[in-house]
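Beneath this line is the structure, given in structure tokens, with notes to follow.
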Amino acid sequence: MSERDKILRYYRSSGDAELAAKLLDLAEATLKNRKYKVSEILDPYGQSIAETITAHYERLTMEAWGGYAGAERVKVAFVDSDFLDYASSLDFALAVIVIKWDSRYSRLTHRDVLGALTGLGIKREVLGDIIMAGEECYVVADDSMAAYIVQNLAEIGQASVSAAFASFDDIPAKEEKVKEIRATVASLRLDAIAAAGYGMSRTRMADDIVAAKVKINWQEAKSPSQAVKVGDVISMRGRGRVEVVEIPGQTKKGRYSILLRRFI
């Protein structure tokens with residue numbers, strides 16, 4: 001069985017064979033032309049697929065860029081090892097847009113901005129990080145769609161906005177509020193741990209998981225009973241993400257002690 005078939009077989013079971021196949025095509029094209037190929041914008045799970053592919057092919061290395069250091073959503077470049085001396089010239093084809101509004105009349109959130117962009121018909125895979133900064137925000141996007149965004153984004157909700165090209169150097173340091181949560185749960189099921197992290201009832205959380213509002217490690221959650229372990233990242237639409245930091249052990253009553261870190 002070829003390396004390609006092994007990788008596709010592995011990701012087929014999780015429903016990610018289509019993305020794996022796209023990335024494999026780029027990797028194999030890189031080795032054929034002995035230069036480099038750049039992906040669409042990937043979330044961290046997509047990046048992990050790219051890393052798996054890189055590890056299975058000799059001569060293949062990987063670079064990533066999302067417009068600024070620490071970006072969550074990035075493009076990856078598969079690079080032939082013979083081309084590494086030229087890696088500094090890689091073109092990731094990204095642009096950054098600054099969006100401004102009058103904060104006296106409107107308070108916009110990350111969710112509002114993302115909703116307005118997708119409302120223009122823009123697919124998520126051409127959008128990178130959205131960095132909120134007071135009465136403006138910075139959006140990293142594939143440069144093929146950047147001009148369309150600048151020309152067409154005039155409103156977000158009821159707020160009038162202006163959009164213009166900016167420099168990557170203008171992007172402010174990403175600020176996230178972090179809250180540590182210590183709790184005990186009856187089991188290490190997703191619904192129990194996510195409910196503790198988001199301050200919700202387990203029943204309501206289970207309903208939200210079934211409604212496909214929750215992801216674990218950037219993949220849609222399979223079921224409320226899905227097992228969770230240290231290092232897993234749970235994200236919920238419009239509610240930020242929760243990282244499982246520690247599971248020290250069980251209490252005398254058989255419950256699990258957990259330490260979570262919530263990013264808002």
Side-chain angles (χ1 to χ4, degrees), residues 15-16 18-19 22-23 38-50 64-68 70-76 92-103 105-166 168 170-172 174-176 198 207-221 233-242 263-264:
D16 299 295
E18 183 178 350
L19 176 56
K22 285 183 181 179
L23 294 174
V38 178
S39 73
E40 62 191 18
I41 296 174
L42 303 173
D43 63 19
Y45 181 67
Q47 295 163 45
S48 74
I49 296 177
W65 181 240
Y68 66 102
E72 182 173 284
R73 295 178 59 82
V74 305
K75 286 188 176 185
V76 302
F92 285 91
L94 290 173
V96 61
I97 299 157
V98 59
I99 301 169
K100 298 183 179 184
W101 58 90
D102 192 331
S103 61
Y105 306 110
S106 302
R107 183 178 182 277
L108 301 181
T109 66
H110 182 285
R111 186 178 183 180
D112 296 326
V113 176
L114 179 58
L117 292 169
T118 55
L120 291 176
I122 298 170
K123 295 181 178 179
R124 194 67 178 100
E125 57 264 30
V126 301
L127 294 174
D129 284 1
I130 298 171
I131 303 98
M132 306 303 294
E135 57 187 24
E136 63 185 23
C137 73
Y138 292 81
V139 178
V140 179
D142 189 290
D143 66 3
S144 66
M145 292 299 297
Y148 177 82
I149 294 171
V150 169
Q151 293 167 9
N152 291 278
L153 186 66
E155 291 183 337
I156 298 178
Q158 300 299 313
S160 296
V161 302
S162 63
F165 285 101
F168 289 108
D170 296 333
I171 298 176
K174 194 173 182 180
E175 293 184 7
E176 287 184 304
Y198 290 105
D207 290 342
D208 284 339
I209 293 169
V210 172
K213 295 181 180 179
V214 177
K215 293 184 177 182
I216 181 165
N217 299 326
W218 293 273
Q219 289 182 283
E220 188 174 306
V233 177
I234 302 164
S235 51
M236 186 175 183
R237 194 182 307 164
R239 298 290 297 274
R241 67 186 190 278
V242 170
F263 299 85
I264 304 172

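On a predicted model such as this, the values are computed, not experimentally measured, just so you know. In what follows, residues are counted from 1 in the order of the sequence shown.
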Separation between [atom1] of [X] and [atom2] of [Y], rounded to the nearest 0.5 Å:
| X | Y | atom1 | atom2 | result |
| --- | --- | --- | --- | --- |
| Lys213 | Met236 | NZ | CE | 6.5 Å |
| Trp218 | Glu72 | CH2 | CD | 5.5 Å |
| Asp129 | Tyr68 | CG | OH | 3.5 Å |
| Ser235 | Glu220 | OG | CD | 10.5 Å |
| Ile131 | Ile171 | CD1 | CD1 | 5.0 Å |
| Thr109 | Leu114 | OG1 | CG | 9.5 Å |

Worksheet entry | Under the side chain to side chain donor-acceptor pair (under 3.5 Å) test, residues paired with Asp207 that sit two or more places apart |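 Listed in chain order: nothing, the list is empty.
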Quick one, [X] and [Y] - any side-chain contact, counting heavy atoms below 4.5 Å?
| X | Y | answer |
| --- | --- | --- |
| Leu108 | Ile99 | no |
| Gln47 | Val74 | yes |
| Leu127 | Met145 | no |
| Val76 | Leu42 | yes |

Worksheet item: Can Tyr148 and Ile122 be said to form a side-chain contact (heavy atoms from CB on, under 4.5 Å), step by step?
Response: CA-CA 9 Å; Tyr148 177 82; Ile122 298 170; 4.2 Å; yes
Fill in: Stepwise side-chain contact (heavy atoms from CB on, under 4.5 Å) check, Tyr45 with Asp16
CA-CA 10 Å; Tyr45 181 67; Asp16 299 295; 3.2 Å; yes
Worksheet entry | Whether Asp43 side chain and Arg73 backbone form a donor-acceptor pair below 3.5 Å | no
Item to complete: Kindly say whether Ser144 contributes a backbone atom to a donor-acceptor pair with the side chain of Asp142 at under 3.5 angstrom?
Response: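 At least one qualifying donor-acceptor pair exists.
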How close do [X] and [Y] get, counting heavy atoms only, and between which atoms?
| X | Y | result |
| --- | --- | --- |
| Gly66 | Val140 | O-CG1, 3.5 Å |
| Ala116 | Glu155 | CB-O, 4.0 Å |
| Tyr198 | Arg239 | O-NH2, 2.9 Å |
| Trp101 | Gly134 | CZ2-O, 3.5 Å |
| Ile97 | Ala163 | CG2-CB, 4.1 Å |
| Trp65 | Leu94 | O-CD1, 3.6 Å |

Worksheet item: Which side chain to side chain donor-acceptor pair (under 3.5 Å) pairs, counting each pair once, include a residue from residues 115-127, with sequence neighbours left out?
Response: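 For residues 115-127, and leaving out neighbouring residues, there are no side chain to side chain donor-acceptor pair (under 3.5 Å) pairs at all.
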